[in-house]
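Note that the numbering runs from 1 along the sequence shown for the chain. Worth knowing before you read on, the calculation uses all heavy atoms, side chains too, and leaves out hydrogens, waters and symmetry mates.
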Amino acid sequence: MTDTLGGHLLVSGGRWIALAFLALAVGLGVGPVQAQEAQNSTETPIHVGVLAYAGKDDAARRWQATADYLSERNPGYRFVIRPLFLSELRNAFVEGQLDFVLTQSLQFSELSRLDSIWPLATLVVKGNGQRLEQLGAVIFTRQGTGFVELDDLVGTRVAGTSPNALGGWLLGMQALEDAGLDVEHQITPIFTGLPLEAVVDAVLDGRAHAGVVRSSFFQRYLEAYPDSRLVPVGTAERQGFPYPSNTPLVPEWPFAATRQAPKGLAARVARQLVAMPAEAPAAEQARIAGWRTPLDYSIVDRLHDKWLPEPISPRSLLRHFWHYLVLILAAVLALFAWQARRATKRLGAEKRRLRRAFSGLHTGAVLTDASGHILLTNRAVEEFARADLEGELIGRSFCEAFNLQIEGLSPQCAFDDLVERVETLETRSVDGVIERDNQRFDVNLKLSRLEAEGGTQLLVSMLDVTDLRSAHALLTYRATHDRLTGVLNREAMEEFLSQAMPGKVPRNEPVHASCLIWTDLDEFRLLNEIGSRELGDRILASLASHFSLELPSDAVLARMGVDEFAIWMPLSSRDTCMLVAREVLEIIHAFRLPDEHEHLRLKASVGVTRIDSDDLLASRRLEDAERACQSAQRLGGDRVVQFSGEDTELLEREQQIERFNALRAAIAEDRLDLAAQRIAPVKAGIPIIHEMLLRVTDADGRLRFPSEYIEIAEKHHAMGEIDRWVIRQSCRWLARQSPDSGTLSINLSAHSVQEPEMLDFIRQELGDWDVDPARVVFEITETAAIINLDQAERLIGAMRRIGCRFALDDFGGGFLSFEYLRRLNPDIVKIDGRLVEDLSHDPVAAVIVSAIVQVSRVMGAQTVAEWVETDDQYRQVTEMGVDYIQGFLLHRPTPLDKR
């Protein structure tokens, strides 16, 4: 009774004292909140890092009462809860921001490897009416799957939340290994992420044969969904553990202290946590049964070491193996010393070997000093030296030893001039001529500046290119002349007109006029049918010779088609174009064959137009003359029509508009198609190339070749859009093919070569379809390359940097020379099919094809023979050494949808 009354008085007195202090604080102008802040300011904050696996707000609400519990029992300290996610908690611990840590067991094991940390108490949870100090997991499956024991899961898919989840994966892997499974090779993991329901869904959906989840979660799920038909695999009982589990058990979360905790505080906190009753508000708010003395977490450490090994770092290697590193370093230094002595000996041997190799080069090579005196030569250079100096070249001056003439240099071959050629470059190539014994050698010189110990040296290599230049001359002639008649071809006539009629005439010079005549033999096809093709060829060749004899010497003659010729003649003041054209028709009438066919009479439709020297479109007048010739044909033939620019021009414009509209409709209605033709390698082991060929389906559903549309598309700048369509469809097709299906070849028009944006488009399409650039070859024709050579070189270089290759198409059929071939340096050279077609009856064609193959091989380029249609052509080109064959003999183009 007295104790009770005394207690009441004590409490009552305490209340009065508190009220008195409160009144004093109010009287001094300090409120309750300020008084609390003043009190807190004198307390040392103690930071407790808590893993916020369910969200930071939830973690703060759950553990704040525990922080208050510890603050009340440790005067002068204020415990602060810092909810952190997994990576945040690790970083805060490493940076020394935390005094205490409350986290899951696996992260506690990880943190113990980073710095000092030790457990103070182990969390005790409420589980199925019991106090649980450990957690376990369960490997489960669906009923009826036939997995009775854990070792039945060989070759199955097992689901878990993540590879570093203790209860959702690692405990299950340890159980499977304990059952005798090779976890790394005999199961396939599937990681679903949180929440744990995702693992159950993976098993129920059939994406996984089995799953691993925490035991308590599995029990609650079965209670919530009794019809789920989920069962543990094998025996799932652990003595004293209320939940089904077929994995090892590990301790629950530890409350741990770090090296930042004040001395003596960690021990008091450990005692206070263990003494916390289960009915305390802090335990109820944290939804736990309390705390107990810390358990042994070594089992967690073993799981961490086994399933989550730390990467090897230089620090760990140095810490454990420093003495071995010292021995290795000493051995390496000794090895270096031994290698240095050995290298000195080998260097001398290498110099001797290089001298022997220098002497054995097939290309002539001369090494001189800065003044031009020869230091070293090889045997191959003797064929270029003066005959009287053979074998006595060492020590002589370069110009004394070789009778060399180079355009732009002094006649005496001043060596200083040669040195100036390479003064700013390491290597320079020049062409020259060497005379020896009344023989002239065309040579190509490679000049290289070398910096040696004794000063500057010059390495001159000499290559005999006489045959190469002869082949180049033949190729140039074939590119500008008709093969049957020997007169100019169409391209050469267009080039002549563009140069002869520059379009600009100085004011003081008169304007000169000329006539352009187009002739088309009437009924020439009938002559071929009555006689033979050989007869038609004889008539054309003889008529060309007849023209050359009868026409004025200043006239220019060219063959424009099968039986079509164009004639350009300057116009005198007393003549008109009609008179000149009628004279040409009379020349055709007077033509006779000198044999049994002398009774044949030729008739022709003749069109003529006038050209002035100030005409800005002189080359376009060929079209005008051709239109006039077509008008003469429509009028019955064997007559002369002068171009008027009225009806024929309007008709042609309407036809062009009609063709262009048809092309635009085909593009808009997606009536473009692709066909692929195989380019087969001659030797095994080289990948096949598929060339993409465009086809157009007209409005009636007929498949047409695109040649009739290409000219109008280029004129109206539509080829860029068509090329883009071909590139996109080709990349899409290639992306669906297997990596060993070969290489794809795509043609680029002249317009696309000059378009700056085309490279970005190619790069984007290759990336969008994930196409390896090494499997793509872009073909550019001679015409496309020569129109803008600089732009073509830039595009080719940029495509090579991407990884694509470049092929020069139809080489040998145009103006492109070997010099341009050297500048472009293609990966593949496609020999013009017309040369291949003429191999059987034209020895000049064989010389040109052989030269192209040899030059390409020296440049490191592969060659393709086009238009191979007979076994004889196949045999000839393979004997010449081509790398690929393309033609109807091996494969006809096949639409992609039929491949």
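Counting only heavy atoms from C-beta outward, the side chains of Arg601 and Arg592 approach each other to under 4.5 Å. Contact annotation: the side chain of Ile587 approaches that of Leu551 to within less than 4.5 Å [non-hydrogen atoms, C-beta and beyond]. Considering only heavy atoms from C-beta on, Phe565 comes within 4.5 Å of Leu540 through its side chain. Using a 4.5 Å heavy-atom threshold, the side chains of Met569 and Ile517 count as touching. Contact check for Val777 versus Asp827: no side-chain heavy atoms found under the 4.5 Å cut-off. Glu793 has its side chain within reach of Leu824: a pair of non-hydrogen atoms, C-beta onward, lies under 4.5 Å apart. Within the 4.5 Å cutoff, no side-chain heavy atoms of Phe643 are placed close to those of Leu516. Taking the side chain as every heavy atom from C-beta outward, Ile831 and Val853 approach each other to under 4.5 Å.
Nearest heavy-atom pair, Leu674 versus Leu694, reported as atom, atom and distance to 0.1 Å: CD2-CA, 4.2 Å. The two residues Gly720 and Ser752 come nearest to each other via the heavy atoms CA-OG, 3.8 Å. Between Ser745 and Glu779, the shortest heavy-atom contact is OG-OE2, 2.5 Å. Taking every heavy atom of both residues into account, Tyr477 and Gly486 meet most closely at OH-O, 3.6 Å. In this structure, Val836 and Val868 approach most closely via the heavy-atom pair CG1-CG2, 4.1 Å. Scanning all heavy atoms of the two residues, the minimum distance from Pro893 to Ala675 falls at CB-CB, 4.1 Å.
Residues satisfying the side chain to side chain donor-acceptor pair (under 3.5 Å) criterion with Asp872, sequence neighbours excluded, are Arg875. Annotation: side chain to side chain donor-acceptor pair (under 3.5 Å) contacts of Thr485 (sequence neighbours excluded): Asp482.
Atom-to-atom distance recorded for Phe591:CZ and Leu543:CG is 5.5 Å, nearest 0.5 angstrom. For the atom pair CZ (Arg559) and CZ (Arg490), the distance works out to 13.0 Å, reported to the nearest 0.5 Å. Separating the CD atom in Glu491 from the CE atom in Met560 is a distance of 8.0 Å, to the nearest 0.5 Å. Rounding to the nearest 0.5 angstrom, the gap separating the CD atom in Glu866 from the NZ atom in Lys830 is 4.5 Å. We find the CE-CZ distance between Met758 and Phe778 to be 9.0 Å, quoted to the nearest 0.5 Å. If you take OG on Ser850 and CG on Leu835, they are separated by 12.0 Å, rounding to the nearest 0.5 Å.
Arg627 and Gln630 form no side-chain donor-acceptor contact under 3.5 Å, judged by distance and modelled atom types alone. Side chains of Asp723 and Ser749: a donor on one and an acceptor on the other come within 3.5 Å. The closest side-chain donor-acceptor pair between Asp520 and Ser605, if any, does not fall under 3.5 angstrom.
Listed for the Arg892 side chain is no donor-acceptor partner under 3.5 Å among the backbone atoms of Leu889. Checking side-chain atoms of His751 against main-chain N and O of Met719 turns up no donor-acceptor pair under 3.5 Å. Put simply, the side chain of Gln677 gets close to the backbone of His891: a donor and an acceptor are under 3.5 Å apart. Remark: the backbone N or O of His546 is not paired with any side-chain donor or acceptor of Glu550 at under 3.5 angstrom.
For the pairing with Met578, the side chain to side chain contact (heavy atoms under 4.5 Å, CB included) check across Val641, Val606, Val640 returns one residue only, Val640. Screening Asp842, Asn489, Asp832 for a side-chain hydrogen bond (donor to acceptor under 3.5 Å, both in side chains) with Arg478, the sole residue that qualifies is Asp842.
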Audit row: Val753, Ile796, side-chain contact (heavy atoms from CB on, under 4.5 Å) steps and yes/no: CA-CA 9 Å; Val753 172; Ile796 292 167; over 6 Å; no
Residues Glu494, Leu622; criterion side-chain contact (heavy atoms from CB on, under 4.5 Å); working and verdict: CA-CA 8 Å; Glu494 292 176 350; Leu622 279 171; 3.5 Å; yes
CA sep, side-chain torsions, deciding dist, call: Met880, Leu839, side-chain contact (heavy atoms from CB on, under 4.5 Å): CA-CA 11 Å; Met880 291 180 181; Leu839 285 177; 4.0 Å; yes
Verdict with supporting geometry, Leu488 and Glu495, side-chain contact (heavy atoms from CB on, under 4.5 Å): CA-CA 10 Å; Leu488 295 180; Glu495 180 68 18; over 6 Å; no
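With respect to the salt-bridge test (charged N to carboxylate O, under 4.0 angstrom), the residues Asp790 and Arg823 qualify. The pair Arg483-Asp838 meets the salt-bridge criterion, with a side-chain N (NZ, NE, NH1 or NH2) lying under 4.0 Å from an Asp/Glu carboxylate O. Ion pairing between a basic and an acidic side chain is recognised when a charged N comes within 4.0 Å of a carboxylate O; Lys603 and Glu523 show no such pairing.
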Show me the donor-acceptor pairs, under 3.5 Å and distance only, between side chains in residues 855-865 and residues at least two apart or in other chains.
{"residue": "Ser856", "atom": "OG", "partner": "Ile852", "partner atom": "O", "Å": "2.8"}
{"residue": "Arg857", "atom": "NH2", "partner": "Gly881", "partner atom": "O", "Å": "3.4"}
{"residue": "Thr863", "atom": "OG1", "partner": "Asp883", "partner atom": "N", "Å": "3.3"}
{"residue": "Thr863", "atom": "OG1", "partner": "Asp883", "partner atom": "OD2", "Å": "3.4"}

